[in-house]
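Written out below as structure tokens is the structure these notes cover.
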There are 2 protein chains.
Amino acid sequence: MTEPSRAREIREAATELFYERGYHGTSMREIAARLNMRAPSLYNHLESKQQLLVDIIEDDVALITREFEDATATTDDVIEKFRRGFEVHVRHHTRYAHESKIAMTEVAALEEPGQSEVKEMRRHYTELWRTLIEQAVAEGRASTQSTNLAAYAIIDMGIGIARWFRPDGPLSEGTLAGTYCDFALSVIGADSSPPRSRT
Amino acid sequence: MTEPSRAREIREAATELFYERGYHGTSMREIAARLNMRAPSLYNHLESKQQLLVDIIEDDVALITREFEDATATTDDVIEKFRRGFEVHVRHHTRYAHESKIAMTEVAALEEPGQSEVKEMRRHYTELWRTLIEQAVAEGRASTQSTNLAAYAIIDMGIGIARWFRPDGPLSEGTLAGTYCDFALSVIGADSSPPRSRT
DNA sequence: CCTACCGATCGGTAGG
DNA sequence: CCTACCGATCGGTAGG
């Protein structure tokens with residue numbers, strides 16, 4: 001019964017160490033030491049150090065993308081989509097702050113083809129935001145004239161959270177998500193009142 | 001006449017490599033190779049690899065702080081201070097995108113006491129923003145109720161620029177600064193009209 | 001899961 | 001500025 005979780009334990013230890021010291025600043029011996037193992041034993045559960053990084057980053061980007069798509073699919077109102085999508089964005093960067101920080105910081109440490117894959121996944125996620133903002137503007141529910149920059153601005157606002165948020169701090173995830181949603185809505189110049197039915 | 005610039009050339013080469021591959025992902029041999037030197041020769045111009053990183057990061061944080069203080073000192077209107085300060089913030093992250101990205105990404109690679117020094121410098125910079133936003137709210141020129149989070153949000157918005165901005169891209173620094181200033185003003189709920197004189 | 005060990009590479013020094 | 005070289009450490013393999 002200890003067997004199926006060993007790979008996951010290794011990955012969790014690696015995630016913490018990559019978060020604290022970076023990929024190149026972490027040795028396989030250190031990861032093993034966290035689990036009271038020796039470095040060679042790790043290789044019964046993984047391919048390589050590099051594969052560990054690829055898995056952590058790709059899974060994180062895939063997860064936030066899926067969370068976004070699920071959350072925005074539950075309503076037709078474009079501002080409500082935006083609100084739910086951004087709440088997911090913020091909450092992801094608090095709940096998976098370590099993975100998110102690694103995904104942001106260690107892209108350069110990815111070898112090909114992993115690096116290109118991750119960049120493509122990120123482009124896709126950004127594109128989802130751009131499209132949503134464009135739609136809000138097209139429907140007259142938001143006023144920004146720079147959908148491109150607005151997308152970058154609100155995404156980066158959320159990513160930053162992963163660098164300073166502390167789960168045990170005084171600020172709750174819910175308060176943070178609410179306040180940041182207001183920030184994001186004002187960046188795109190949102191009219192947050194419900195849509196008028198056409199006369 | 002080649003002598004006084006050698007240290008600077010080394011630092012510039014190190015900045016580019018740390019930006020591309022990270023501190024631990026860059027070797028002294030690679031830095032030397034960029035300048036057609038051998039690694040041991042570098043040590044005629046610097047103390048250690050670590051000192052190179054400390055210098056790059058501390059100078060960058062010191063510079064943006066000074067730029068902010070200079071820019072905000074040129075007016076008494078609090079919203080105009082905010083606007084000039086944020087323009088400096090944005091322009092810094094485009095002009096010194098490499099240094100800024102290193103300063104954001106490689107803090108964990110700093111040994112003590114450098115790491116604590118940099119964190120303290122950053123706390124101070126954040127504090128300047130918090131104070132400015134609080135003042136704007138106190139004067140009735142901004143409406144946010146979360147000066148703390150607003151400070152984080154607009155700072156992170158600007159920092160993010162260092163990751164995607166390309167000086168040779170289609171977007172000019174001026175356009176970016178203007179658009180982002182509007183974003184930041186709306187985050188704090190700024191009334192951007194000039195202050196009424198008291199009746 | 002371990003010990004023993006590999007070749008490669010690291011930051012840095014000695015000495016000129 | 002160089003060559004020669006140091007001890008330490010790296011990711012990973014062999015073999016059990």
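Note on naming: letters A, B, ... go to the chains in the order of the sequence lines (proteins, then strands), and numbering restarts at 1 for each one. Values below: all heavy atoms of this structure, side chains included; hydrogens, waters and symmetry mates excluded.
- When each of dC1(D), dG12(C), dC1(C) is scored by its nearest atom to the side-chain atoms of H45(B), the top-ranked nucleotide is dC1(D).
- Using cut-offs of 30° and 60° for the angle between ring planes, the F68(B) and Y125(B) rings count as perpendicular.
- If you find the closest nucleotide of DNA chain D to M37(B) and to P40(B), the one lying nearer the 5' end belongs to M37(B).
- Separating the CG atom of L46(A) from the P atom of dG11(D) is a distance of 12 Å, rounded to the nearest angstrom.
- Taking the six-membered ring where tryptophan is involved, the planes of H98(A) and Y19(A) are essentially parallel, since the angle between them stays under 30° and well short of 60°.
- For Y96(B), the OH atom counts as loosely surrounded, since its 6.0 Å shell holds 12 or fewer non-hydrogen atoms of other residues, nucleotides or ligands.
- Figure legend. dC1(D) is base-paired to dG16(C); pairs are counted as Watson-Crick or G-U wobble with both atom distances under 3.5 Å.
- The stretch residues 11-34 of chain B does not touch DNA chain D, since none of its heavy atoms comes less than 4.0 Å from the strand.
- Phosphate contact (OP1/OP2 of dT3(D), side-chain N/O of R38(B), threshold under 4.0 Å): present.
- When both pairing distances are held under 3.5 Å, dG11(C) makes a Watson-Crick or G-U pair with dC6(D).
- For K49(B), counting side-chain heavy atoms from C-beta on, the closest listed nucleotide (dG11(C), dG11(D), dC1(C)) is dG11(C).
- Spacing between atom CG of N36(B) and atom P of dC1(D) amounts to 11 Å, rounded to whole angstrom units.
- Under the salt bridge (charged side-chain N to carboxylate O under 4.0 Å, His left out) test applied with R34(B), the options E12(B), E9(B), E16(B) reduce to a single match, E16(B).
- With respect to the salt-bridge test (charged N to carboxylate O, under 4.0 angstrom), the residues R91(B) and E67(B) do not qualify.
- Atom OH in Y43(B) sits about 17 Å away from atom C1' in dG15(C), given to the nearest Å.
- For the atom pair T15(B) OG1 and K101(B) NZ, the distance stands at 12.5 Å (nearest 0.5 Å).
- Note on ring orientation: taking the six-membered ring where Trp is involved, the planes of F86(B) and Y180(B) are parallel (angle under 30°, cut-offs 30° and 60°).
- N44(A) places its CG atom 10 Å from the C1' atom of dC2(C), with the value rounded to the nearest Å.
- For the pair L42(B) CG and dG11(C) P, the interatomic distance rounds to 10 Å; values are reported in whole Å.
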